[in-house]
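Accompanying notes for the structure given below.
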Amino acid sequence: MAVFTEDLLKEAESIIAQYPHRKAAIMPLLWLVQEKFGYIPNEAVLEVAELTGTTLVHIEAIIKFYEMFHDHPVGKCQLMLCTNVSCLLQGADKTLQKLKEVLGINVGETTSDGMFTLEEVECLAACDKAPVLLVNAMDLYEKVKPDKVEQIIADLIERYGKSDGTGK
Ligand code: FES
């Protein structure tokens, strides 16, 4: 089944028209798909390749390279905790442990209600605020010590609302 329905295709073509080369629209098109589905389904990879005149392998490499793209369903809130050196020195390992306890999941897993996905990531370029937690590739929580975790989770539930189980 085509991911790019007639409406989505129109949107895609208007995005492509903003760039001098079709290939330059790859990232915005991947965002478009992810916004709609919560992740990038396999079928969309081939369609984006065709739309931008590139190869399947090229699109797959982009999705794999950028942590913000997902090739599988993720929770409504994607929690990316940096566990690189500066954050680790400031106790990111303890923060990670607390996140696992509060959410009841391990790294790479999603809560059964589809609300949270927990991931470990490399440096987020905010080492002076370590340990840091990035939510949905947009909101950066700073100096996230274990005692802040429960409040952050409660705030996120309040802000994003309970999940309907689909991760969207
Ligand atoms: S090491 Fe965590 S933000 Fe740089």
Side-chain angles (χ1 to χ4, degrees), residues 15 18-19 23-42 44-45 48 52 54 57-168:
I15 288 171
Q18 295 170 32
Y19 296 91
K23 277 185 190 162
I26 291 173
M27 304 266 284
L29 292 185
L30 291 175
W31 268 124
L32 180 68
V33 171
Q34 190 161 286
E35 268 175 28
K36 183 148 181 71
F37 297 95
Y39 74 106
I40 300 166
N42 279 340
V45 178
V48 170
T52 55
T54 187
V57 172
H58 185 64
I59 303 296
E60 283 173 343
I62 289 172
I63 294 169
K64 287 265 179 281
F65 182 79
Y66 291 101
E67 307 232 20
M68 72 258 199
F69 291 131
H70 316 300
D71 59 4
H72 57 278
V74 295
K76 201 172 189 177
C77 289
Q78 187 193 15
L79 308 179
M80 295 173 151
L81 182 73
C82 173
T83 51
N84 216 307
V85 178
S86 299
C87 287
L88 204 54
L89 288 172
Q90 292 300 318
D93 54 337
K94 292 180 183 68
T95 302
L96 182 62
Q97 190 52 41
K98 185 71 180 181
L99 278 164
K100 288 181 187 174
E101 281 169 28
V102 170
L103 298 171
I105 55 174
N106 283 311
V107 172
E109 293 180 350
T110 300
T111 53
S112 57
D113 62 358
M115 185 68 192
F116 295 101
T117 296
L118 180 60
E119 290 177 7
E120 272 185 86
V121 294
E122 298 298 323
C123 183
L124 292 167
C127 309
D128 58 323
K129 302 170 185 81
V132 293
L133 176 70
L134 185 65
V135 178
N136 289 345
M138 289 184 307
D139 298 319
L140 189 72
Y141 288 78
E142 303 170 358
K143 299 183 189 299
V144 183
K145 299 289 185 178
D147 62 346
K148 285 188 175 177
V149 165
E150 277 169 305
Q151 189 58 54
I152 289 171
I153 297 301
D155 290 348
L156 289 171
I157 291 171
E158 171 97 25
R159 181 168 163 196
Y160 287 93
K162 288 249 182 236
S163 172
D164 62 4
T166 64
K168 293 200 302 180

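Everything numeric here is computed off the predicted structure, so don't read it as measured data. For ligands, and for the atoms within them, numbers begin at 1 and follow the listed sequence.
Near Cys127, the atoms of ligand 1 lying under 4.0 angstrom from a non-hydrogen atom of the residue are 1 (S), 3 (S), 4 (Fe). Close approach to Leu124 involves these atoms of ligand 1, each under 4.0 Å from a residue heavy atom: 3 (S). Ligand-side atoms of ligand 1 in range of Cys82: 1 (S), 2 (Fe), 3 (S), range being under 4.0 angstrom from any heavy atom. Near Val132, the atoms of ligand 1 lying under 4.0 angstrom from a non-hydrogen atom of the residue are 3 (S). Those atoms of ligand 1 with a heavy atom of Ser86 less than 4.0 angstrom away are 1 (S).
Nearest heavy atoms, Pro41 versus Val33: CD-CG1, 3.7 Å. Contact between His70 and Gly38 at its shortest, heavy atoms only, is CD2-O, 3.9 Å. When all heavy atoms are compared, the tightest approach of His72 to Tyr39 is O-CB, 3.1 Å. Nearest heavy-atom pair across Lys100 and Asn106 is CD-OD1, 3.8 Å. Nearest heavy-atom pair, Ala126 versus Val132, reported as atom, atom and distance to 0.1 Å: O-CG1, 3.7 Å.
Counting heavy atoms closer than 4.0 Å to ligand 1, residue Leu88 contributes nothing at all. Counting heavy atoms closer than 4.0 Å to ligand 1, residue Cys87 contributes atoms from both its backbone and its side chain.
Every heavy atom of Ala130 sits 4.0 Å or more from the atoms of ligand 1.
At most 12 non-hydrogen atoms from other residues, nucleotides or ligands lie less than 6.0 angstrom from NZ of Lys23.
When only modelled atom types and interatomic distance are considered, Gln97 and Asp93 share no side-chain donor-acceptor pair under 3.5 Å.
Atom 4 (Fe) of ligand 1 has an N, O or S atom of Cys123 inside 2.8 Å of it.
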